[in-house]
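For reference, the structure discussed in these notes is given below.
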Amino acid sequence: TYAYNTAISAFMNFGMYDEALSIYKQMTAERVKSNSVTFGTLINGACKLRSYVEAQHFFDEMLEMQIDVNVEVCTSLIDAYAKQGLLNEAETMFNKMKMLGCSPNVVTYTTMFHAYGMQEMWGKAYSLFQDMEDCGIEADTVAYSTLMSVLNKCGQSQIVIDLARKMRTKMVNLSEPVFYEILTACSKMRDWDLADTVIKEMESILPNLSYGLINNILRFVGKSANVEAMMKLFYKLEHSSIEPTSETYKILADNLATIGKWKENSEVFSWIDDKKKQEY
RNA sequence: ACAAGAUCACU
């Protein structure tokens, strides 16, 4: 069994689904017992390759053979349903998993928030979040960022700000995506004072920031007539070890131009020139 | 021996 599982997993890691499947067929032909690791590998692999029908098929087979299912497999399947837009199936799975002897954990709940978000159902997501807390499951930073992203998307930025306060009292780490969502909320609520405070707080994770997200933050902080906050943030970034991209400079220059700060604008262009010279 | 979730970028 170990040997077969290893082989199946190796093929799955290379995205070679057909080969993995034929190993599995050989396994059953030779009457080697498959276990939950075998099916876990097959189902997770199929989900990653977006072969959702196959994943479902393995799951049914797993139930028929009365092999124990685990939380990871259930969560994987819920995510697979959600990504196909099959919210009802996802909900059914979520309810059914308790009957199968595994209870949803924080990852499962997060997957459900995301599922509701895809259908713009922020109310469902938010009330599920409250259910989760009632069950004594603590939200982590991914759970918060997921829920916040749903709420921002549905125009509920005030709740995002409330959640941010809650994260602080519960001492949950504020990760980069969480900062992004909080700042998005500030910008939608036009709460520049709060945005300023949040940007100061971001200093603690500054060395770990990626410019993909930073560029977006600079873009909307600057766009909302808060160019000063944008520049302040940029200066702080300069002192950290991360390299701005050319997109970063473009955003700065554009935002400065919109409010007529031509002097600063041309300064940004001179930075770009300096940078080019350094490269030679 | 296998494992599940968010934001951004790339495609």
Side-chain angles (χ1 to χ4, degrees), chain A residues 1-14 20 23-24 27 32-49 52 55 58-59 62 67-83 90 93-94 97 102-118 122 125 128-129 132 137 139-153 160 163 167 172-185 202 205 208-220 242-248 251:
Chain A
T1 307
Y2 266 47
Y4 277 103
N5 286 350
T6 310
I8 293 173
S9 133
F11 280 124
M12 277 302 189
N13 283 335
F14 285 110
I23 299 284
Y24 171 68
M27 188 177 183
V32 178
K33 269 193 195 163
S34 35
N35 59 16
S36 56
V37 175
T38 317
F39 280 101
T41 310
L42 289 167
I43 293 173
N44 286 317
C47 287
K48 283 212 180 84
L49 296 171
Y52 300 130
F58 285 125
F59 183 69
M62 195 176 180
I67 291 170
D68 287 340
V69 299
N70 55 22
V71 208
E72 286 83 359
V73 163
C74 294
T75 308
S76 238
L77 283 164
I78 291 175
D79 190 44
Y81 286 131
K83 289 193 168 131
M93 185 71 227
F94 182 76
M97 61 189 285
C102 38
S103 34
N105 60 18
V106 64
V107 179
T108 317
Y109 276 99
T110 305
T111 308
M112 285 304 293
F113 300 158
H114 191 223
Y116 286 127
M118 291 171 70
W122 68 271
L128 194 62
F129 170 74
M132 180 177 92
I137 298 170
D140 62 9
T141 192
V142 179
Y144 276 107
S145 74
T146 307
L147 185 59
M148 284 173 162
S149 145
V150 172
L151 292 166
N152 271 329
K153 191 169 89 173
V160 174
L163 286 173
M167 286 184 81
V172 181
N173 313 16
L174 305 195
S175 54
E176 184 190 51
V178 170
F179 277 116
Y180 175 75
E181 296 302 339
I182 298 175
L183 286 171
T184 304
M202 263 174 73
I205 62 158
N208 304 317
L209 292 179
S210 65
Y211 254 95
L213 218 43
I214 277 295
N215 283 345
N216 272 304
I217 291 175
L218 289 171
R219 186 177 293 128
F220 69 66
I242 12 174
E243 277 293 303
T245 63
S246 56
E247 183 67 14
T248 312
I251 294 163

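Below, chain A is the first sequence line, B the second, and so on; all start at residue 1.
The CE-C1' distance, from A/Met27 to B/C2, rounds to 12 Å in whole Å. A/Asn44 has its CG atom 13 Å from the C1' atom of B/A1, to the nearest Å. The separation between A/Asn215 atom CG and B/A9 atom P is 10 Å, rounded to whole Å. Protein atom CD of A/Glu247 is 9 Å distant from nucleotide atom P of B/C10, rounded to whole Å. For the pair A/His114 NE2 and B/U7 C1', the computed distance is 10 Å after rounding to whole Å. The CD1-C1' distance, from A/Ile251 to B/A9, rounds to 12 Å in whole Å. Here the P atom of nucleotide B/C2 and the CZ atom of A/Phe14 are 14 Å apart, to the nearest Å. Rounding to whole angstrom units, CD of residue A/Glu176 and P of B/U7 are separated by 13 Å.
Among the heavy atoms of the strands lying under 4.0 Å from A/Thr111 are primed sugar atoms or P, OP1, OP2 only; no base atom is included. When heavy atoms are screened at a 4.0 angstrom cut-off, A/Tyr180 is found touching the sugar-phosphate backbone but no base atom. Looking at heavy-atom distances under 4.0 Å, A/Asn13 makes no contact with the nucleic acid at all. The residue A/Thr6 sits close only to the backbone: its heavy atoms come under 4.0 Å of sugar-phosphate atoms, none of a base. Within the 4.0 angstrom heavy-atom criterion, base atoms lie near A/Ala143.
A donor-acceptor contact under 3.5 angstrom links the side chains of A/Thr108 and A/Asn105, judged on distance only. Under 3.5 Å, the side chains of A/Ser149 and A/Asn152 contain no donor-acceptor pair of N or O atoms. If you check the side chains of A/Thr111 and A/Asp79, you find no donor sitting under 3.5 Å from an acceptor. Side-chain contact check for A/Asn35 and A/Thr1: no donor-acceptor pair (N or O, by modelled atom type) lies under 3.5 Å.
In A/Asn13, the CG atom is crowded: over 12 heavy atoms of neighbouring residues, nucleotides or ligands sit closer than 6.0 Å.
Counting atom types as modelled, A/Ser76 pairs no side-chain N or O with a base atom of B/A4 as donor and acceptor under 3.5 Å. Within 3.5 Å, a donor on the side chain of A/Thr110 pairs with an acceptor on the base of B/G5, or the reverse. Residue-to-nucleotide contacts include no donor-acceptor pair under 3.5 Å from the side chain of A/Asn105 to the base of B/G5. In the interface, the side chain of A/Asn70 is not paired with the base of B/A4 through any donor and acceptor atom under 3.5 Å apart.
Residue A/Val37 places its side chain closer to B/C2 than to any other of B/C2, B/U7, B/G5. With distances taken from any side-chain atom of A/Asn216 to the nucleotides B/C2, B/C8, B/A6, the minimum falls on B/C8.
Distances shown here put a side-chain N or O of A/Lys83 below 4.0 Å from the OP1 or OP2 atom of B/A6. Look at A/Lys153 and you won't find any side-chain N or O under 4.0 angstrom from OP1 or OP2 of B/U7.
For the pair A/Glu176 (side chain) and A/Ser210 (backbone), a donor-acceptor distance under 3.5 Å is present.
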